[in-house]
Amino acid sequence: MASSVSWSIAAVTVLFLIMQVLAGRDFYNILGVSKSATTNQIKKAYRKLARELHPDKNRDDPEAAERFQDLGAAYEVLSDPDKRKVYDRHGEEGLSKGDMGGDPFSSFFGDFGFGFGMKEQEQEVPKGGDVIMDLDVTLEELYSGNFVEVVRYKPVAKPAKGTRKCNCRMEMVTQQLGPGRFQMMQQQVCDECPNVRFVPEEKLLEIEIESGMRDGQEYPFVAEGEPHIDGEPGDLRFKIKQIKHKKFERRGDDLYTNVTISLVDALAGFEMDIKHLDGHKVHIVRDKITWPGARMRKSNEGMPNYENNNVKGSLYITFDIDFPKGTLSDEVRADLKKLLNMESKHTVYNGLQGF
Ligand SMILES: *[C@@H]1O[C@H](CO)[C@@H](O)[C@H](O)[C@H]1NC(C)=O
């Protein structure tokens, strides 16, 4: 009796495993988000989990690498609207087979009208204008990420008295001019619709400045742009504009900074800390002689990559030497010559040579 129960449990388990394999991985579950999650929520969930599940942080867990891989796959699919659509319909199976464009199932369902409400509307719907606004952000915000709230006064259509012409289109009309004589002509035909008026309404938009966003990158709010009386509103797009930073310059995902050191440090070596954009300290040690313009590279201390925040660019530090001014005493000069024990070598360069 007991053994038959355990057998059937085993059978159910095996069946369950087979079903799981067939159905592929549950990417929503892996990311811990609902099926209706926005791309933004998916990104946030991914970033949080990627930090937690990173194999470097879970060295004693043998399954960490696999879980991290699952997470990456889930993110890759759900953050891409096209892949997500395919996944929602056919699961992981649908994705691995062939490319997205030639998905045989989607054309099958499309042709037979099982469109699941996914089918794009072919008919062109008039659309209001897109509104583009510059959003000034600091390099610190682009490094660490931040949430910004913007109050927008959005014109919203409200019912009003009377009617208006709408859905206007050109139609061919036939007019009888006399017996056996017709005239066909293009004519604008309109419907009568209830009137509307636009009333500004206050709306709070929350913008996430995501780590690693780039200058000029646009952050869209679909349908928050100019309204259109007969169609859909345009989009509101915020354009990220990075404010110039006093100490750091960004090129791609790399950061550049300049440091001036004393002549003694340049010759004898030094240790120092550079305060980074989020306040953490970058420790620099140098034993070798530093010449003016010498450049040091600190990998992984640049900007986080937007697509994958776990990857960071480099920090390049260019050194300048603060030479002492004035004249040294004869004694010091003699000591220096002895200390440095270098032969004086002079190269006279005639900049006009060849002219
Ligand atoms: C560093 O110095 C160079 C040369 O003077 C300059 O072009 C560059 O803008 C400086 N970078 C920063 C971040 O101040």
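Positions are given from 1, in the same order as the sequence printed here.
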Side chains of N258 and E249: does their closest heavy-atom pair fall under 4.5 Å? no
Quick check: are there more than 12 heavy atoms from other residues, nucleotides or ligands sitting under 6.0 Å from CG of D287? no
Give a yes/no on whether the SG-to-SG distance for C166 versus C193 is below 2.5 Å. yes
Using a strict threshold of under 4.0 Å (side-chain N to carboxylate O), is an ion pair present between K247 and E140? no
Assess whether atom CE of M296 is packed by more than 12 heavy atoms of other residues, nucleotides or ligands within 6.0 Å. yes
State whether the number of non-hydrogen atoms from other residues, nucleotides or ligands found under 6.0 Å of E218 atom CD is greater than 12. yes
Does K127 come within less than 4.0 Å of D235, counting only side-chain N to carboxylate O? yes
Atom CZ in F27, atom CD1 in I42: separation rounded to 0.5 Å? 12.0 Å
Which distance, rounded to the nearest 0.5 Å, do you find between the OG of S144 and the CD of E210? 13.5 Å
Regarding K35 and D26, does a basic nitrogen lie under 4.0 Å from an acidic carboxylate oxygen? no
What is the ring orientation for F270 with F319, classed by angle as parallel under 30°, tilted 30 to 60°, or perpendicular over 60°? perpendicular
Salt-bridged, R237 to D130, with N to O below 4.0 Å? yes
To the nearest 0.5 angstrom, please state how far the NZ atom of K298 sits from the OG atom of S314. 11.0 Å
Is it the case that more than 12 heavy atoms not belonging to E192 sit under 6.0 Å from its CD atom? yes
What is the distance from atom CG of D80 to atom OH of Y87, rounded to the nearest 0.5 Å? 14.0 Å
Backbone N or O of V86 within a donor-acceptor pair of the R84 side chain at under 3.5 Å? no
Looking at E201 and K203, is any side-chain nitrogen of the basic one under 4.0 Å from a carboxylate oxygen of the acidic one? no
Answer yes or no: are there more than 12 heavy-atom neighbours, outside Y153 itself, under 6.0 Å from its atom OH? no
For E206, does the CD atom sit with more than 12 other heavy atoms under 6.0 Å from it, leaving out its own atoms? yes
Spatial distance of atom CG (D273) from atom CD (E271) [nearest 0.5 Å]: 8.5 Å
Classify the ring geometry between H280 and H276 as parallel (under 30°), tilted (30 to 60°) or perpendicular (over 60°). parallel
Return yes if some donor-acceptor pair links the side-chain N/O of E141 with the main-chain N/O of T138 below 3.5 Å, else return no. yes
So, taking the atom named CG in L277 and the one named CG in L139, what distance separates them when rounded to the nearest 0.5 Å? 4.5 Å
Pairing of R333 and D330 as salt bridge, 4.0 angstrom limit: yes
Answer yes or no: are there more than 12 heavy-atom neighbours, outside R169 itself, under 6.0 Å from its atom CZ? yes
Can you confirm if the NZ or CZ of R251 lies within 45° of the ring axis of Y256 and under 6.0 Å from the centre of its six-membered ring? yes
Is the shortest heavy-atom distance from the side chain of H228 to the side chain of E226 under 4.5 Å? no
State plainly whether one hydrophobic cluster holds both I261 and F323, where clusters connect Ile, Leu, Val, Met, Phe, Trp and Tyr through side-chain heavy atoms under 4.5 angstrom apart. yes
Would you call R250 and D215 a salt bridge, using N to O less than 4.0 angstrom? no
When you measure from the side chain of R164 to the backbone of G162, do you find a donor-acceptor pair of N or O atoms at a distance under 3.5 Å? no
Check whether E92 reaches the backbone of R25 with its side chain - one donor and one acceptor, N or O, closer than 3.5 Å. yes
Test E307 against R214 for salt bridge (Lys or Arg N to Asp or Glu O under 4.0 Å), laying out the working first. CA-CA 11 Å; E307 277 76 29; R214 297 176 184 117; 3.5 Å; yes
Verify same cluster id: L263, V259 (apolar side-chain graph, 4.5 Å): yes
